[in-house]
Structures are given as structure tokens and as C-alpha cells.
Protein chains: 2
Amino acid sequence: MQQQSRLGSSVGSGTLAGIAPAAAPLEVQLPEVQLPEVRLPAVPLPVGAANVSERLAQAPALAISTVIFALRPSESSGRPTLWLPLVRRIREPFIGQWALPGGPLTQADSLQDAAARNLADTTGLAPNYLEQLYAFGGLHRSPSQRVVSIVYWAMVQSTEAAMARESENVKWFRAGELTELAFDHKQIVDYALWRLRNKMTYGSIAYYLLGEKFTLAQVREVYEAVLGRTVDPANFRRQLKQAAHIEATDEYLQGGKHRPPRLYRYTGDTFSDSPSP
Amino acid sequence: MQQQSRLGSSVGSGTLAGIAPAAAPLEVQLPEVQLPEVRLPAVPLPVGAANVSERLAQAPALAISTVIFALRPSESSGRPTLWLPLVRRIREPFIGQWALPGGPLTQADSLQDAAARNLADTTGLAPNYLEQLYAFGGLHRSPSQRVVSIVYWAMVQSTEAAMARESENVKWFRAGELTELAFDHKQIVDYALWRLRNKMTYGSIAYYLLGEKFTLAQVREVYEAVLGRTVDPANFRRQLKQAAHIEATDEYLQGGKHRPPRLYRYTGDTFSDSPSP
DNA sequence: TCAAAAGTGTTTACGGTACACCCATGC
DNA sequence: GCATGGGTGTACCGTAAACACTTTTGA
């Protein structure tokens with residue numbers, strides 16, 4: 001048996017949205033379109049030194065990793081683009097290569113708390129948003145011991161992200177322009193990006209990348225940065241305004257070259273600074 | 001810190017579907033509406049005997065469990081309804097109570113293979129569909145040792161499900177009419193049900209609960225069984241016919257009381273019998 | 001020939017897209 | 001006053017919902 005089976009890929013192009021969303025169980029609405037699981041990456045890793053009998057003897061290690069997204073201005077255009085922090089590996093395997101922040105599951109933390117701790121340790125920041133991505137458990141993800149990684153993805157505010165720590169071994173990269181990473185982390189980032197884009201298209205997510213108050217144009221820029229294309233400003237603002245959890249303030253953003261745009265506030269799930277202690 | 005933080009719940013009622021699906025990375029279309037993660041259940045379990053220092057000393061155990069769905073005729077109406085098999089626990093904790101089939105992660109299996117093995121062991125069946133559901137890792141899911149469960153969900157054909165093994169310690173239950181189960185398994189099943197309903201609304205999933213050939217009315221019955229409401233037959237058939245991966249055969253289902261309906265075939269992802277060996 | 005399900009057609013309503021247009025501000 | 005982004009109005013089009021209607025079979 002191998003990881004790469006076709007089960008669970010769930011293709012299907014017809015949307016069948018006609019099956020209208022009804023009362024949903026878990027206080028949420030039914031989506032109208034599929035969110036397929038990624039096909040688990042066929043990891044092209046060197047099989048490494050450990051032989052099979054050794055491998056069979058050990059229990060698989062359990063690790064938590066986190067894909068952290070934040071908005072930063074592009075060096076070229078200055079427009080906001082998606083970035084994520086990576087850490088340089090300081091031991092084998094993959095020594096010297098860049099990898100997702102992570103580590104073994106600490107005993108006192110829930111999975112989510114462990115992920116939040118990753119985030120604090122590497123960036124010094126607290127997540128606005130944190131959600132489980134997927135559990136990766138292929139047999140040969142790591143050349144030596146078998147590792148099962150439960151991966152989370154997170155978003156941090158752009159205002160804070162600008163002040164995030166960087167060092168010799170922690171550096172921010174443009175998402176989408178990554179070269180190869182350690183382990184199967186490149187595939188994991190790609191999957192996280194795909195999931196981010198998905199969530200994006202049905203709202204309420206972009207705000208976690210922004211500050212407390214923002215202009216509608218800034219929200220649009222987030223969408224354009226993540227989706228990688230332009231969006232009609234007129235229609236976009238209409239859609240936002242009729243969307244829930246958006247509230248106009250009386251303030252306007254001053255200092256621009258032209259008419260000062262109104263500032264808005266997100267009133268949905270609270271901007272908590274960390275998982276409530 | 002506690003598991004039950006608000007992060008990652010991602011409410012948001014506005015659909016914002018206006019952000020049109022563009023070219024999607026992983027060969028799939030972007031969905032238009034949100035698929036939120038379940039809030040992890042606040043498990044009301046007895047904390048059990050082990051004290052904290054003991055708990056800290058042990059590594060968390062890693063387990064695989066599987067929620068298996070199949071269609072079976074209701075005893076009352078005879079119409080197809082959703083069922084799932086559970087196993088009776090034969091040791092502490094929760095001895096005598098019903099639980100999801102599962103067990104520790106066997107060394108030689110990938111996560112998905114381990115889930116498929118669960119399925120074969122308890123039902124004797126092979127899954128038509130198998131997908132990762134979520135990794136549950138709350139601190140007190142099990143009273144003694146800490147357990148992290150990676151849960152899969154599966155669907156098996158109704159025709160085969162009718163012949164599935166049952167025994168003293170393996171029994172099928174109607175999904176949605178479950179009483180309390182061992183551990184946090186009730187919440188897990190509810191989440192799986194919610195996810196099934198989601199996938200349902202954007203097609204291609206219902207077929208995995210049916211046989212190779214089926215009438216459009218049977219597909220409609222699956223939708224009605226899963227969604228728990230009636231669906232307009234006229235509009236439903238139109239939507240199905242313009243959906244991809246559905247092919248009319250030249251055959252008709254004989255033996256009914258009235259006009260024999262045409263049989264159709266699903267031409268999407270193959271009906272493989274097991275993860276390809 | 002009648003009941004019931006299979007299958008088709010038609011109307012209406014809603015929401016997204018495109019794009020023309022007005023408004024307010026800094027220079 | 002004019003360029004530019006903020007913000008509004010509107011016409012068009014595709015699709016889903018509702019439901020009337022025809023067709024085909026068994027009893």
C-alpha cells in the first residue's frame with residue numbers, strides 16, 4: 001500500500017449548487033462548492049540510512065509545524081504581498097535548509113496551543129487566526145525516524161508583522177516564490193496557500209491579515225495579493241458592505257494623495273491576541 | 001492555555017462569492033463559500049486517575065480512527081438512511097460503550113492505509129472513499145494516557161454494506177441518532193456528518209455511497225438522506241445531468257411499479273476497491 | 001384507464017459582472 | 001482645475017427555484 005492512492009481526491013467539476021444550503025448543524029452555513037483535500041505529496045526524499053527493521057521498531061514521532069502568513073510590502077512594487085517566516089535547520093537531516101517552524105508536541109499543550117507557541121517562538125508574534133491544516137504522515141517524510149506532522153496555518157496582522165524578529169536562522173520569504181525546502185515542507189506550504197485562497201473567496205478571512213481599522217481598498221489589496229489577480233473595486237466594495245461583520249467608523253484615513261477613504265472595522269470573531277489563557 | 005480558543009473558528013456569514021473563482025492551483029476550482037473548521041469539542045470527560053506529572057512523563061499516543069458511512073434502508077420507512085458501524089469497547093476506559101473503530105498507528109502503514117485497515121477489520125469492506133477528517137489532540141480526551149487521534153472518514157457502497165459483518169461487538173447505528181459514545185467520539189461523528197453534508201452540496205460524493213449503476217432518483221435519495229430534507233426532483237435531475245462525470249447508460253431499472261427509470265454511471269474518480277497496492 | 005413516477009418546459013427572481021458615472025481631495 | 005482614487009448607479013446575463021406539464025409504465 002502507498003500513501004498516494006486516489007481515494008479522497010474527490011474531483012467533480014459540476015458545482016451542483018442547486019442543492020441549497022439548509023439549516024446547518026454546527027452553527028454554520030453549508031458551502032456550495034467543493035473543498036477537496038490535497039493529494040498527499042509524493043515526497044521525493046532520499047530514503048536515508050535507517051533500515052526497515054529499525055524503522056519498525058520505533059514509535060512514530062509526533063511533531064507540530066505551522067505555516068504563518070503575513071502581508072508585507074513587495075520590494076519592487078511596494079504593494080502588499082504574502083510572506084511567511086521560515087527557520088534554518090541547524091542539524092541533520094536537511095541541515096542548512098529552510099523549513100517550517102515547528103517541533104515536537106509539548107506535553108502540556110493542546111495541538112493548537114503548541115502551534116501558537118511555534119508562532120511566538122519564531123516570530124515573537126501572536127496569531128490573529130490559527131487553524132489546523134492537515135496531518136501529514138507518509139512513511140518517508142523524514143529520512144531517519146518516521147515523523148507524523150500535524151500542521152497548522154496562521155495569519156498575523158501586517159502592522160505587527162512589520163516588527164517581527166528576523167535573525168540569521170529566521171527569515172521571511174515571499175510565499176509562492178519558494179525554492180525547495182526541507183522535508184516535504186514545500187508541498188505543505190503550497191497546500192496552505194491553496195487553502196488560504198479558498199477561504200479568501202468566501203470572506204471574513206482577509207481581516208486577520210490587516211490591522212484593527214482598514215479601508216475597503218486595503219481589503220481589496222489583500223484579496224489581490226492572495227488571489228494573484230485584480231478585483232473590480234466597485235463590485236468588491238458592494239460585496240463587502242453587504243457582508244456581515246463589517247462596520248463603518250467615523251474616521252477617515254488621512255495623508256493619502258487623494259480623497260481620504262473611510263475606515264472600517266471588523267466585528268466578527270474577536271481579534272484575540274493569543275489563544276485565551 | 002486551553003484547547004477551546006476562538007481562533008480558527010472563522011465565522012462570517014457573507015458569502016462574498018463575487019470574488020470569482022480563478023485558475024486554481026491544484027487542478028480544482030475555488031469554492032464560493034466557507035468550510036469552517038469545527039470548534040474542537042470541549043470534552044466533558046472525567047479527568048481520570050493519572051496525575052499531571054505522570055502525564056507529562058509519557059509521550060502522547062498516536063491513534064487512527066475512522067468514521068464509516070453507508071446507506072441502509074430505514075426500519076420504518078424503508079427509505080435509505082445513513083448508518084455507521086461502531087465497536088464496543090472491551091477494556092477500560094469506557095468499557096462496554098460504543099466507539100469508533102480504530103487503533104494505534106501501525107508502523108508500516110501510512111495514515112490513510114491505517115484508516116483503510118480499520119475499515120476492513122471492522123466491516124470486512126473496502127472504502128469507496130476515504131479522506132482525512134481532523135486530528136484531535138485535546139489534553140483530556142482519554143482519562144489515562146494522552147491520545148492524539150487522527151481521524152478519517154469513509155464511505156462504502158450500499159450494496160456491499162448490506163453484507164457487512166456484524167457481531168456482538170460490532171454493530172451499525174443510524175448516524176444522527178447516536179447516544180453518547182466513548183471518549184469524544186460523538187462530537188467527532190457530528191463533525192464528520194457536517195463535513196459529509198458539505199461535500200454533498202457540491203457533488204461527486206453521493207456516488208460513493210451507491211453502486212456502479214444507479215438512477216437519478218437514487219442519487220436524489222442519497223441527497224435527501226444525508227441532508228435531511230426533500231429536494232425538487234425536476235431541478236435536481238437537471239443539475240445532475242449538466243454536472244460532469246455522469247453518463248447515461250442504455251439500461252433501465254426494471255421491476256418498479258411504474259415507468260422504469262434510466263440507469264446512469266459515474267465516470268469520475270475510479271471506484272477503486274482499496275488504496276492502490 | 002388510472003395512479004404514480006419519469007422526465008421536460010417555462011416563468012420568475014436573484015446576484016454577479018461590467019462599466020459608466022459622480023464625488024472629494026491634494027497638488 | 002485636473003488627475004486620481006473613493007464611491008454610486010445601472011443594465012445585462014447566467015443560473016437556481018418553483019411549478020405546470022407531458023410521457024411511460026404497471027396494475
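Residue numbers start from 1 in every chain, and the chains themselves are labelled A, B, ... in the order their sequence lines are given, proteins ahead of strands.
Atom CZ of A/Phe236 is separated from atom P of C/dG15 by 18 Å (rounded to the nearest Å). Between A/Gln242 atom CD and D/dG9 atom P the separation is 14 Å, expressed in whole Å. The distance between atom CG of A/Leu240 and atom P of D/dG7, rounded to the nearest whole Å, is 12 Å. Rounded to whole Å, atom P of D/dA16 lies 13 Å from atom OH of B/Tyr223. Between B/Leu253 atom CG and C/dG7 atom P there is a gap of 10 Å when expressed in whole angstrom units. Put simply, CD on B/Gln254 is 7 Å from P on D/dG26, counting in whole angstrom units. With rounding to whole Å, B/Lys241 atom NZ is found 18 Å from D/dT15 atom P. Between the CG atom of B/Asp232 and the C1' atom of D/dA18 there is a distance of 7 Å, rounded to whole Å.
Remark: DNA chain C takes part in the stems C:1-27 with D:1-27, each of 3 or more antiparallel Watson-Crick or G-U pairs, criterion distances under 3.5 Å.
Residues B/Gln254 and B/Tyr252 meet the side-chain proximity criterion, which asks for heavy atoms closer than 4.5 Å. At a threshold of 4.5 Å between non-hydrogen side-chain atoms, the residues B/Pro260 and B/Leu253 do not count as touching. Counting heavy atoms from C-beta outward, A/Glu160 and A/Asn128 have side chains that stay 4.5 Å or more apart. Put simply, the side chain of B/Glu224 does not reach to within 4.5 Å of the side chain of B/Arg229, judged on heavy atoms.
The side chain of B/His258 sits closest to D/dT25 out of D/dT25, C/dC19, C/dG9.
For C/dA6, the base has a donor-acceptor partner in the side chain of B/Arg259 [N/O atoms by modelled type, under 3.5 angstrom].
Between A/Asn235 and B/Pro261, the residue anchored closer to the 5' end of DNA chain C is B/Pro261, taking for each the nucleotide with the nearest heavy atom. Along DNA chain D, the nucleotide nearest to A/Pro260 and the one nearest to A/Arg238 differ in position, and the one closer to the 5' end is contacted by A/Pro260.
Nucleic acid contact for B/Ala234: base, since at least one base atom lies under 4.0 Å from a heavy atom of the residue.
Between the A/Glu166 side chain and the A/Trp172 main chain, a donor and an acceptor come within less than 3.5 Å of each other.
Taking OH from A/Tyr266 and CZ from A/Phe214, the interatomic distance works out to 9.0 Å, rounded to the nearest 0.5 Å.
In terms of phosphate contacts, B/Arg237 brings no side-chain nitrogen or oxygen within less than 4.0 Å of OP1 or OP2 of C/dA6. When the side-chain nitrogen and oxygen atoms of A/Gln239 are compared with OP1 and OP2 of C/dT17, one or more of them lie within a distance under 4.0 Å.
When only modelled atom types and interatomic distance are considered, A/Arg238 and A/Asn235 share a side-chain donor-acceptor pair under 3.5 Å.
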